[in-house]
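Here is the structure we will look at, set down as structure tokens.
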Number of protein chains: 2
Amino acid sequence: MEYIEIYKCLCERTRLRILNLLREGPLCVCHLHEILGEAQPNVSRQLGYLRAHGAVESQRHNNWIMYRLPDRRHPILEENLKCLQDVAREDGVFRRDLERRASVVRRIARTREGCPDAVRVRGCC
Amino acid sequence: MEYIEIYKCLCERTRLRILNLLREGPLCVCHLHEILGEAQPNVSRQLGYLRAHGAVESQRHNNWIMYRLPDRRHPILEENLKCLQDVAREDGVFRRDLERRASVVRRIARTREGCPDAVRVRGCC
DNA sequence: TCGATATATTCCATTTTAGGCATATTCCCA
DNA sequence: TGGGAATATGCCTAAAATGGAATATATCGA
């Protein structure tokens, strides 16, 4: 009954917001921190939780650690990510998160500051 | 962000087993109790939890209280019930629950004992 | 090697959750 | 009206989850 772990990943506000953001592409911790407006240790903890249960993957690039959705994911997780896509259109929190994400991405494309090239290439910035 | 409540309904073992059973039709508490092999207060409490969050409905028939999936359900709940259907084929716990359910249903059809007519008509027994 | 930045972890207090057990409630029927 | 069956609830404890604050770790660059 490993799906219970998946649902536990999904049943917390910050984790759900993180997954919704990662749907659109990888992000590093500091940008998640910025977008979510949550304390950095919180973001880090929830990312750790998600990673421990296979809902996200991480990869270090220099000083940054990028989080992304794994390529191969459990069908139940996959299905619920699709649900999030629909839900995000109507939910204020999700929508605002995505707007902030877009604005962070734009800013970094403009100023070329923040992430290293390796990260930029991979779509974080 | 009301979906969090839905995921909370789904992230506990007994609740998930209950929902999987109710996919196949309504059941009263005592049969859920029998099928699940869980203490009656536990079953009752989890049912109360599910009902409080709109994941199930209940209706009293004499001494019995029938629980069923609501006709109108949140899209996310609906989607995950479909997932359960797939998962149940491969998961030992879910499958055994469904077998026990079938056997309870057969027994009651045979012996005409246990549920009142009103319940029987509605598919519990 | 030192300082700065990004991230993770530890410690701690609070809250939430789950389950066992006893008991209350509701309803039917004799 | 009292007893029995079905269900719900209250009380208690243990475990788990949450989050704040401080601190540790890792990496880079001067």
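Side chains included, hydrogens not; waters and symmetry mates left out as well; all remaining heavy atoms used. Proteins come first, then strands; the chains are lettered A, B, ... in the order of their sequence lines, and each starts at number 1. In this text the structure is predicted, and so the values were computed from the model without any measurement.
R51(B) forms no cation-pi arrangement with Y67(B), by the criterion of a distance under 6.0 Å to the ring centre and an angle within 45° of the ring axis. Cation-pi contact between R17(B) and F94(B): absent, since separation from the ring centre below 6.0 Å together with deviation from the ring axis within 45° is not met.
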Readout for nucleotides 8-17 of chain D: B = base within 4.0 Å of protein heavy atom, S = sugar-phosphate only, - = neither; 5' to 3' it is BBBB------
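Salt bridge R68(B)/E57(B): absent, no basic N to carboxylate O contact under 4.0 Å.
The phosphate of dT27(D) (OP1 or OP2) has no side-chain N or O of N62(A) nearer than 4.0 angstrom.
Whole-Å rounding puts the H33(A) NE2 to dA8(C) P distance at 13 Å. For the pair W64(A) CH2 and dA8(C) P, the computed distance is 14 Å after rounding to whole Å. What separates CE of M66(B) from P of dA6(D) is a distance of 14 Å, to the nearest Å. Going from atom CD of Q46(A) over to atom C1' of dT9(C) covers 14 Å, rounded to whole Å. For the pair I4(B) CD1 and dT18(D) P, the interatomic distance rounds to 10 Å; values are reported in whole Å. The distance between atom CD of E5(B) and atom P of dT16(C), rounded to the nearest whole Å, is 12 Å. Atom CD1 in I18(A) sits about 13 Å away from atom C1' in dT7(C), given to the nearest Å. Here dA18(C) presents its P atom at 12 Å from CD of E38(B), a figure rounded to the nearest Å.
Considering all non-hydrogen atoms of both residues, C83(A) and E79(B) come closest at SG-CG, 3.7 Å.
Side-chain proximity of N63(A) to the nucleotides dG19(C), dG20(D), dT27(D) is greatest for dT27(D).
Of the N and O atoms on the side chains of H74(B) and E2(B), at least one donor lies less than 3.5 Å from an acceptor on the other residue.
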Chi angles and distances behind the salt bridge (charged side-chain N to carboxylate O under 4.0 Å, His left out) call for R101(B), E34(B): CA-CA 9 Å; R101(B) 187 201 121 93; E34(B) 174 180 354; over 6 Å; no
